[in-house]
Participant: 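My structure is below; once you've seen it, I'll send some questions.
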Amino acid sequence: MREARTTCPYCGVGCGVVASVEKNEIVDVQGDPQHPANFGRLCVKGSALHETLGHGGRLTRPIVDGVESDWDTALDAVASRLRKVRDAHGPEALAAYLSGQLLTEDYYVANKLFKGFLGTPHLDTNSRLCMASAVAAHKRAFGADAVPCCYEDLEEAELVVLVGSNLAWNHPVLYQRLKVAKQRNPLLRVVVIDPRVTDTCELADLYLGLKPGSDARLFTGLLAWMAARNKLDRVYLEAHTQGFEEALAAAREQDAGVEAIAADCDLDAERLETFFYWFASHLHVVTLFSQGVNQSSSGTDKGNAIINCHLAGGKIGLPGAGPFSITGQPNAMGGREVGGLANQLAAHMDYDTPGARDRVTRFWATEGLVPCLPEGPGHKAVALFEAIERGEVQALWIMATNPAVSLPRTDRVRAALAKCPLVIVSDCMANADLLAYADIVLPASSWSEKDGTVTNSERRISRQRGILSPPGEARHDWWALCEVAKRLGFGEAFGYTHPSEIFDEHARLSGFENGEGSDERRRVFDISGLAGLDRAAYDALEPIQWPVNAAAPRGTARLFTDGRFATPNGLARMVAVRSRPPAQELDAARPLRLNTGRIRDQWHTMTRTARSPRLMNHRAEPFIEIAPEDAAALGVEEQGLARLQGVGGRYVGRVRVSRGQRRGEVFVPMHWNGYFSGSALSGALIDNHVDPVSGQPESKHGAVALAPLAVEWEATLLVADDLDVAESRWCDRSRYWARIPLGAAHRWQLAGGEPTSAHGEVESASPEWLSWLEATLPVPPTLWCTDPASGRLRAAGVDDAGRLRWWFMSGPPRELPNLAWLAERFGEAASGESMAAEHRRRLLAGCDDGAANQGPVVCSCHQVGQRAILGAIREGDDSVEALGARLACGTQCGSCIPELKSLIEEEKAHALAEPIEDPAVA
Ligand code: SF4
């Protein structure tokens, strides 16, 4: 057994991981105690990393025109077809769409090839969907896309304001750090500003459940309030900023006092003023903002409204102070560093940076090349797919992302992809529904195989190390790009043999002519201090925060500590912000405001996290969260099925009635793709309105209609993974389906038919079930029984060798037995074991001890279900500690603690509401 240090590939916290490796297999992962992002902690996703590995479901060979091929053929095809499109339609007919999942070295090579050598500006990334508005706000205010803060600032602050961030679910380790800081310093206050009551509110001293989209109104109101009460730092404003008067004048245009702001934000005026007072009266304030701010048609303005307040109060460049944008993806910042956004050139130089185009041309030695470096920015993500739709872009190389799921108007994106003459997809998983649109598929290496660097939200560069060999013929993305470059005649510039050489070039470019011109400020992104590392030094590189250069050889924790910014005159720019409502308007046809976001245990389109069955148990099916009053008014029930209709399609999911949801608003997760459910693409519900500055789509502000999905029947089918059945045979029968990996089997939740009963209830078992099962599955029913009272059918198929092949139950999923027991039986079958006689006897009951289904899993680390927790609470375990002592829930990564607390509170509320029996009467 050996240990290898690497980095988690999920969220922007960028935790260090220690992987235990045995015989080319990772058998365990632990948090790296030496990594400064997490100091040994991991959340549930990180701690399940080793469960998401394995070669099953991986792409292992290139595919050309639907036929498995070899690398030479595939690379020749990529190069010749790109050349053909360029020759026929010009360089701007070529495009690339990248991902914050890529390593910096992959990103660097892609940017260099497409912009520098193919001469197209159309290279953008899915980071456009995540933090482009924060990038634009940083550039407008600071002159550079530079995050001023570091994680320690959360621990040094007197006040932490979380805006549009469910930190507890989306950046759990950072949330744990904040929680510990609050325990150590009871004077540290936390304010949560979010339309939804999320698990993050567990830490809140003050919660402001504002109207979606009113964030800019709140922060411009705060600026006006600070000015009116003489709470500005006039000395700082005078010495270090410009544009204050204009920014204040714009804020005052809408300001009519706290009452008016509160009314516009749909908040209680007293609570709002409490926040204003807290913000204004503390110097050490961190405002942490995330997708709730960025994913808006006014996201850049919202970011600047927040930054304005920090500049106006001098709350920046100090320990425990500053506006802090947290990225969603592990390497969103690395992509920004190399120029992976369509409006960037390279190494934090934009097209309008004086001398940048000439400098990059000389550095890459592309003088005289035709076509040469583009002269201006390319299409940002949404515009890129519109250009494909119009036929202007004819060749697209997509790496490590799935725009067919994640972009708004997925219907149009899919139509554009279907129409695009050349689609090249580099991916590691075979179940991405994007592959259906690919002319050429290149099998990519994945986490634990890739070797390079990533940069987290606090500008910390960490090594992600290659620990395992890629399966089959999967190869690194940078290698595939270089091979194509060589075939296009650019071999000299792409002769890298190891990622350390790419990193070295990237580091040298960051320092190249940096700040040398007489009228130039130093570019903040400068890692020239890391240039020249040999392979051994690169491999041993410890996490370090940029800038890293001669002046800061050990890196830089905080930026702008001297009050000098990266603007031409060194002054921060305050931006005049005028609040405006979401672009997607509500109307009679679509009266509900739609919010979209992540859930605790899943990542992006689930291609990796769904490989760990325990991560699927927290929220197993796509869902729709809705306020109780709206649920009652619209006739939908907890755990029933409902349908959302949006501008570009429909979404079907299970209803979750939640008091944390504002009236008139619904929330859906963004994860489910076409492999996991038939109609649960959140992107289909979002129109493609974007922020005019950043190009980021308005994913938090959809407009939808909701109705119950009336069905005649519901059923659950568990099918062994290796059973050769065309999936569509049961999907076709269903108006709703969801696939839920269980380990050695897949669980299918199915629902369909038109309700026949007048009251619309789900009917009992259809009399056709047995014949349908016999016709659909290769192993006929061997055991079955029908409950005479309910008419429900349970059946199972056991093959001649005595192995469980499938299991079926008609009826809604709340009637399911404990599926863990059945999953074990499928696991035995996968290892070739036949079922023990006593198990076979109990098969239709679905468990060996009569244990019921435990409901949704709350603690993923210890697989503790909601029913067991509620049972323990009712028996008196009414604290997180007591529950942990009895059930072990909440004792590992801690991600479920807020949910445990909510369950305790809910149970207490129930108990109080229940009438107390009078013993005398009883
Ligand atoms: S907090 Fe983010 S980076 Fe850290 S383990 Fe969890 S998902 Fe990975």
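Note that these values count all heavy atoms, side chains included, but never hydrogens, waters or copies made by symmetry. Read the numbers this way: they start at 1 and go in the same order the structure lists the ligands and their atoms. Since this is a predicted model, take the numbers as computed values, not measurements. If you read the sequence from its start, that first residue is 1, and numbering goes on from there.
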Participant: Is the closest basic N to carboxylate O distance between K450 and E105 below 4.0 Å?
Facilitator: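 Looking at K450 and E105, the cut-off is not met.
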Participant: I'd like to verify the contacts: list protein N, O or S atoms under a distance of 2.8 Å from atom 4 (Fe) of ligand 1.
Facilitator: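 Result, waters dropped: C15 SG.
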Participant: Under the rule for side chain to side chain contact (heavy atoms under 4.5 Å, CB included), what residues qualify as partners of E542, not counting sequence neighbours?
Facilitator: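 If we apply the side chain to side chain contact (heavy atoms under 4.5 Å, CB included) test to E542, skipping adjacent residues, the hits are R5.
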Participant: Is there a donor-acceptor pair under 3.5 Å between the side chain of N294 and the backbone N or O of S133?
Facilitator: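 Checking the backbone N and O of S133 against the side chain of N294, no donor-acceptor pair under 3.5 Å is found.
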Participant: N185: which residues meet the side chain to side chain donor-acceptor pair (under 3.5 Å) condition with it, sequence neighbours left out?
Facilitator: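 Partners of N185 by the side chain to side chain donor-acceptor pair (under 3.5 Å) criterion come out as none, since no residue qualifies.
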Participant: Using the ring-ring contact (aromatic ring centres under 6.0 Å, His included) criterion, which residues pair with H671? Sequence neighbours excluded.
Facilitator: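 Not a single residue meets the ring-ring contact (aromatic ring centres under 6.0 Å, His included) criterion with H671.
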Participant: Is the number of heavy atoms from other residues, nucleotides or ligands within 6.0 Å of CD (E156) greater than 12?
Facilitator: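 Count over threshold, so yes.
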